Amino acid sequence: MRIAVVTLFPSMLREALAHGVLGRALERGVVEVEYFDPRDHTADVHRRVDDRPYGGGPGMVLKVEPLRDAVRAARAASPRGSRAVYLGADGVPFEQSRAREASGWPGLILVAGRYEGVDERFVEHEIDEQWSIGDYVLSGGELPALVVIDAIARLLPGTLGSAESAAQESFTDGLLDWPHYTRPASVDGDEVPAVLASGDHAAIGRWRLQQSLGRTWLRRPELLERRRMSGEERVLLEEFKRAAAARRAEDRRVIDASYGEGESNEQDHSTTER
Ligand code: 4G1
């Protein structure tokens, strides 16, 4: 896949993409990343890419012409059917489903903003989609571009080993990950869950699925609502909830015992965990 990045800071991405699984994918040509700097598309002596916002207010806005010409150069170097995406806080959420979809495109042109953003007329005329990686204030679109490239590149055949790619389509799609453990089996008296060392692969699979369901229920309940559950999953989650309730009851018992009956206990335990 061909990825073109329109950015004022290409070295920010170049360095970050040289490592690990992505670095190897680039070496092997599974993905090709090319940079287009709007500053290379200026005509004035100051190589000016920004200007003051019409209507007043703080900060600067990226001018249309250097951005437009950089995107046009990127389009000329990209395969037919490539799509140009502006990364901005006001885009649609960039999620795994969008990464999966974009991994099937022949090419992708990512545009990273700076300052307060870009002139809206550039977006209207040169951009096909707008994506946001999340709700926070950033100082530029370069880190979002890295996030998007990482998420898409690892879906391309040849980036990961075949064992890893099979695991990606596993049954835990749409759930949080299960907890992981490695050696030693005991750290400061803290033991690995016994089931993981049992060698019973069916039991391990059930435990992991249950942990994924339980953590998703605790931390990201909206993800469970989006996802239909099998009968087995319902049973596993109900068992997790019962165990969680039993743990809470036991915690309350221990707390009551240590504070003593009738003594003040101003702590509010309702806001900790479910
Ligand atoms: C208004 C967040 C502006 C930010 C409201 C997620 C944030 C790109 C993203 C901003 C950016 C809020 C993103 C803000 C991003 C141009 C340069 C826009 C940086 C810029 C909540 C600054 N996902 N933000 N504006 O952060 O590029 O992709």
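Both counts, for ligands and for their atoms, begin at 1 and track the order of listing. Not measured: the values here are computed from a predicted model. Numbers for residues simply follow the sequence, beginning at 1.
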**Message:** The criterion is side chain to side chain donor-acceptor pair (under 3.5 Å); which residues satisfy it with R206, sequence neighbours excluded?
**Reply:**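 None.
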
**Message:** Taking side chain to side chain donor-acceptor pair (under 3.5 Å) as the definition, give me every residue that meets it alongside R47, ordered by chain and number, with sequence neighbours left out.
**Reply:**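 Side chain to side chain donor-acceptor pair (under 3.5 Å) list for R47, sorted by chain: D40.
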
Indicate every side-chain donor-acceptor pair of residues 25-38 with a distance under 3.5 Å to a residue at least two apart or in another chain.
from: R28; atom 1: NH1; to: G158; atom 2: O; distance (Å): 2.6
from: E34; atom 1: OE1; to: R2; atom 2: NH2; distance (Å): 3.3
from: D37; atom 1: OD1; to: R39; atom 2: N; distance (Å): 2.9

**Item:** Validation row: W105, V85 side chains within 4.5 angstrom (heavy atoms)
**Value:** yes

**Asked** Any idea which residues sit under 4.0 Å from ligand 1, heavy-atom distances?
**Response**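 Those residues closer than 4.0 Å to ligand 1 by some heavy atom are Y86, L87, G88, A89, G113, R114, Y115, G117, W131, S132, I133, G134, Y136, V137, L138, S139, G140, G141, P144.
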
**Item:** Salt-bridge contact R83-E101 (side-chain N to carboxylate O under 4.0 Å)
**Value:** no

**Message:** Applying the salt bridge (Lys or Arg N to Asp or Glu O under 4.0 Å) criterion to E238, which one of K241, R242, R234 satisfies it?
**Reply:**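 Only one of K241, R242, R234 forms a salt bridge (Lys or Arg N to Asp or Glu O under 4.0 Å) with E238, namely K241.
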
